[in-house]
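Here's the structure, in structure tokens; my notes come after.
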Amino acid sequence: MWLKPEEVLLKNALKLWVTEKSNDYFILQRRRGYGEGGGGLTGLLVGTLDTVLDSTAKVAPFRILHQTPDSQVYWSIACGATREEIVKHWKWLEQNVMRTLSVFDSSEDITSFVQGKIRGLIAEEGKSSLVKEEDPEKFREALLRFEKWFGLPEKEKLVTYYSCSYWRGRVPCQGWLYLSTNFLSFYSFLLGSEVKFIISWDEIWKLEKTSNVILTESIHVFARGEDHYFSMFLHLNETFLLMEQLADYAIKRLFDKETFEGDPALSDPLQVTKRGLETRARNEQFRAFFRLPREENLLEVHESFLWVPFSHFNTLGKICVSENYLCFASQDGSQCYVIIPVREVVGVEKSDSANKALTVCVRGKRAVRFSEVRDFERLAYIIRMRCGTAASPQHSGTREQITEACQSLIEHFEDNPEEVALMVGQKGTSKTVSTEALMTVFHPQDAENLDPKMLKEKMKEQSWNIHFAEYGRGMSMFRTKKTRDLIVRGVPEALRGELWLLFSGAVNDMATHPGYYTELVEKSMGTCTLATDEIERDLHRSLPEHPAFQSDTGISALRRVLTAYAYRNPKIGYCQAMNILTSVLLLYAKEEEAFWLLVAVCERMLPDYFNRRIIGALVDQAVFEELIRERLSQLTEHMTDMTFFSSVSLSWFLTLFISVLPIESAVNVVDCFFYDGIKAILQLGLAVLDYNMDRLLTCRDDAEAVTVLNKFFDNVANKDSPLPATVLQQAPVGSDGNKSHPRVDITDLIKDSYEKYGGIRSEEVESMRRRNKLYVIQTLEDTTKQNVLRVVSQEVKFSSTELEDLYNLFKRQHFLSCYWTMNSPILLHHDPSLPYLEQYQLSHHQFRALFLLLSPWAHCANLDALTLWTFRLLDENQDGLINFKEFCCALDVTYSGTFTEKLKFLFKIHLPPAFTEIETESPVFSKGNSFSKEDLSHLSRLNVSLPDASEDGVIRKSPERGKGKVDLQAYLKQWQDELLKKEESIKDLPRINQE
């Protein structure tokens with residue numbers, strides 16, 4: 001391998017290197033302790049030194065140095081793992097460089113020429129693969145060691161590497177940790193003791209940062225039932241975040257079959273880089289914090305001060321610039337942040353050059369002033385450029401054209417006033433789309449009603465109007481502690497839909513996709529899928545006590561929103577609890593707004609909640625349990641089984657407490673959720689358990705504890721709600737439950753949750769989510785494995801241990817087909833709605849590899865034909881894939897089948913669709929390569945034990961009973977008659993029910 005030329009002091013290296021060849025300009029050396037005369041104490045010391053110092057000599061013990069006759073400086077230019085490799089480089093230098101060097105007059109010219117030549121060779125070699133790495137030269141050397149030490153396929157992409165210590169008990173081993181796309185690898189060599197292991201990311205159950213008395217800070221990895229501890233990192237946090245990302249990437253790619261379309265950092269497992277992962281993590285954090293669409297990327301960050309007009313002071317923070325947004329977040333504890341869509345910017349002024357200040361003018365006659373921006377002129381130019389290109393091409397035109405178009409629209413609507421209410425971006429069948437929130441239709445507010453609740457509602461509205469006047473209204477509103485305080489006190493009914501759209505970021509999606517929802521409604525109308533069937537089944541279960549969903553108006557709107565979303569996102573489709581959430585959204589938002597709110601919840605705010613395995617909800621349950629152990633330790637000491645909290649809290653997370661609280665109270669929880677995210681739900685859950693602590697501590701079993709919580713929720717009310725009481729709010733007066741459970745106001749409960757548990761930071765919650773996700777997914781995988789083994793064990797004669805080993809091999813072979821490509825048939829044909837038995841499948845190529853490894857027929861003649869015909873026989877639906885059950889049944893016949901079963905199996909593979917006549921004409925399946933009668937007889941006799949007591953009538957009547965020769969023709973005729981009379985059928989497992 002050619003190396004970037006670096007100076008070496010030869011006189012200091014003579015004790016470690018032995019010269020084998022030399023001429024006037026180059027020296028070929030061998031590392032002492034390698035090759036002839038190697039080993040012994042010298043080899044141990046040199047090997048240890050090379051590993052600790054990360055020397056390339058550990059895997060490349062040969063090198064070539066460049067020198068000039070009148071210079072004492074030497075330059076390393078090449079290294080090699082073998083003598084053949086280094087000799088090849090030496091010969092190339094003799095043939096292509098040596099003759100040219102004689103024409104130069106000075107040593108400096110000779111050295112410059114050699115260095116330029118070597119750099120050119122390196123650039124040519126690494127043009128395709130290493131251009132994205134931060135330090136291509138060092139990375140090439142690390143890649144050489146990685147490939148030499150671990151022997152992984154060449155396609156495996158090394159992402160980065162770190163020096164660290166690995167702890168074997170209490171003994172640290174200094175070595176190198178290599179992080180690649182699919183594996184975590186470690187290598188250490190100390191005084192003859194070599195430590196080397198490889199762990200695939202999909203095998204990891206736990207990945208966390210830990211500390212104890214011995215290890216102040218370390219990374220703990222739990223995989224294959226073993227604990228691994230790594231410490232002494234120079235950048236521990238950076239290493240840990242990259243490990244988290246790679247583990248998450250493997251989980252999504254291998255378990256969830258995600259293809260990452262539109263994500264350049266992860267779309268190709270052969271091109272994943274450290275820089276790409278870091279950029280992606282930064283973009284995800286940026287989008288999550290400001291609730292921006294997934295198309296946005298963080299382009300620039302500028303430190304600055306923001307002038308806060310209502311408080312009359314400057315707050316320190318950072319300006320974050322993306323393609324379509326200008327965002328600011330404070331860093332001085334004021335919790336102030338602003339989001340300015342470029343589409344709303346009307347001008348940018350450099351207001352004060354001395355203070356490096358610029359002012360951004362937005363719609364509504366408002367201005368946002370930033371100061372002390374280091375590169376304020378460039379930032380102003382960028383914002384102006386983005387404002388100038390904000391309009392899409394189809395909307396561009398001259399001022400006269402736009403004016404003329406607007407005037408024609410005005411005249412049209414003056415002549416057709418009935419169409420004004422329908423002007424929401426729909427066309428064609430858009431008249432079917434509701435343009436009013438259901439609450440305004442079924443509970444219109446009476447402006448003349450002056451009862452105390454309505455007066456309090458008017459006071460809330462006035463408070464928000466004052467807030468809008470001071471802080472702004474819409475996307476560019478200043479969001480501070482005061483905003484959260486108003487949210488906690490409850491949002492007015494009239495403003496709820498507007499504020500939900502604003503704080504969730506759904507308003508951005510809707511603004512940038514005009515008419516999108518109507519198109520989805522039109523396309524999804526009349527479709528019939530598993531999702532639409534489940535939607536129809538659940539429509540009348542969605543808030544059945546509310547009058548809006550006792551009429552066709554509400555039911556039809558709910559059907560359209562859920563069906564449109566299932567059409568938009570078939571990977572999620574429809575999951576129970578989506579109907580309950582969507583029905584509440586429709587009460588306060590227009591139909592199109594409710595759709596975009598649902599998109600924000602399912603795809604950004606509650607990721608992985610509404611899918612086949614509700615992984616997101618299970619992860620948040622694990623986070624909730626962890627918070628209970630930290631903050632309500634008294635409760636965990638009494639209730640040692642934490643599964644109770646999982647069983648009662650699942651509906652809290654899936655429906656945001658809507659399913660357990662009266663709707664008038666639940667909407668206050670949804671208010672907080674849209675502002676603070678899942679943190680608000682976790683806080684409220686802790687507050688509920690804390691409020692009922694004394695009663696829960698006296699419970700003798702889980703059923704009693706569930707009763708306590710149910711009675712508590714029945715007595716939660718919203719005393720300020722102006723709406724009429726629903727069935728959920730009406731508790732029997734004078735009952736024993738009311739005596740032991742006094743009324744609890746939802747506003748007080750939410751305030752209590754913020755006061756006691758508001759210190760939980762969103763960053764902390766996200767870290768806990770990542771930490772628990774691996775364990776949750778591996779637990780689900782283990783459960784799936786047990787279910788599959790239980791089903792398959794009834795069909796085969798393998799022992800439970802053998803079956804488990806087969807499953808692990810089958811799953812590993814499945815993963816191997818996905819490790820280095822996104823285009824494998826397994827990924828392309830993946831259907832998440834299929835039962836667990838179908839989740840792992842093999843194509844013919846993978847099946848052949850396992851069949852050759854495991855089958856006792858692996859050494860017969862014409863094996864390729866046998867494996868192909870066997871695969872076709874097993875692939876009943878002809879999709880080019882087989883599942884674990886089908887694989888085990890075939891293998892079971894070859895190992896444990898009776899003589900009759902084996903011969904019957906061989907007969908079947910010679911019938912269509914396993915065998916076709918066309919193949920007999922192919923050179924591969926020519927007469928010389930086909931199975932003879934003797935071959936079939938040989939195959940059928942492998943591992944055969946004929947019992948004295950026959951198992952079926954066919955064996956008892958077998959033609960060869962008691963004879964030495966087998967009459968195959970008699971068997972074939974008998975079984976052909978059987979096939980004509982009766983077709984064998986295997987019952988399919990039922991599709992997953994998402995109830």
Side-chain angles (χ1 to χ4, degrees), residues 432-446 449 451 453-454 457 490-501 534-565 574-598 601 610 651-652 654-674 710 713-732 743 745-747 750:
T432 62
V433 177
S434 172
T435 58
E436 293 293 336
L438 295 178
M439 194 64 77
T440 63
V441 177
F442 290 90
H443 294 293
Q445 292 190 16
D446 186 358
N449 187 352
D451 65 39
K453 288 187 176 181
M454 283 304 300
E457 186 75 2
V491 175
E493 298 284 319
L495 296 175
R496 185 159 273 136
E498 175 188 342
L499 293 176
W500 285 0
L501 280 168
E534 292 175 341
I535 289 169
E536 290 297 325
R537 182 191 62 198
D538 288 344
L539 283 177
H540 294 279
R541 304 178 187 176
S542 309
L543 300 186
E545 74 285 347
H546 199 285
F549 298 99
Q550 295 169 359
S551 71
D552 185 61
T553 303
I555 293 296
S556 298
L558 181 60
R559 178 187 289 113
R560 286 192 294 271
V561 172
L562 291 175
T563 305
Y565 185 78
Y574 171 77
C575 180
Q576 272 200 337
M578 287 173 68
N579 61 318
I580 297 174
L581 176 61
T582 307
S583 58
V584 173
L585 300 178
L586 282 167
L587 290 178
Y588 294 97
K590 299 174 184 178
E591 192 174 314
E592 184 179 10
E593 295 171 345
F595 169 79
W596 286 113
L597 283 168
L598 183 63
V601 171
F610 304 100
S651 62
W652 302 357
L654 280 174
T655 66
L656 308 179
F657 282 92
I658 296 170
S659 63
V660 294
L661 287 174
I663 187 62
E664 297 82 2
S665 302
V667 291
N668 284 39
V669 179
V670 179
D671 295 339
C672 299
F673 167 75
F674 278 125
N710 287 339
F713 287 127
D714 288 342
N715 286 277
V716 174
N718 187 348
K719 64 183 181 182
D720 297 332
S721 175
L723 302 176
T726 63
V727 176
L728 288 175
Q729 281 184 300
Q730 296 169 355
R743 285 280 185 179
D745 184 61
I746 186 62
T747 305
I750 291 175

pair Phe549-Leu539: side-chain heavy atoms closer than 4.5 Å: no
Under 3.5 Å donor-acceptor, Ser556 side chain and Asp552 backbone: yes
Pairwise side-chain contact, Glu536 with Arg559, heavy-atom cut-off 4.5 Å (strictly under): yes
Side chain proximity check, Val601 to Phe610, heavy atoms < 4.5 angstrom: yes
Any side-chain heavy-atom pair of Phe674 and Leu597 under 4.5 Å: yes
Minimum side-chain heavy-atom gap Glu457-Asp720 below 4.5 Å: no
Spacing of OG belonging to Ser659 relative to CG belonging to Leu543, to within rounding of 0.5 Å: 10.0 Å
Heavy-atom side-chain contact between Tyr574 and Thr563 under 4.5 Å: no
Donor-acceptor contact present, side-chain Asn718 to main-chain Glu664, <3.5 Å: yes
Side-chain heavy atoms of Leu581 within contact of Leu654, under 4.5 Å: no
NZ/NE/NH1/NH2 to OD/OE distance under 4.0 Å, Glu591 and Arg560: yes
Min side-chain heavy-atom separation Phe657-Val670 under 4.5 Å: no
Side-chain (Thr582) to main-chain (Asn579) donor-acceptor, under 3.5 angstrom: no
Polar side chain donor-acceptor pair, Tyr588 to Glu493, under 3.5 angstrom: yes
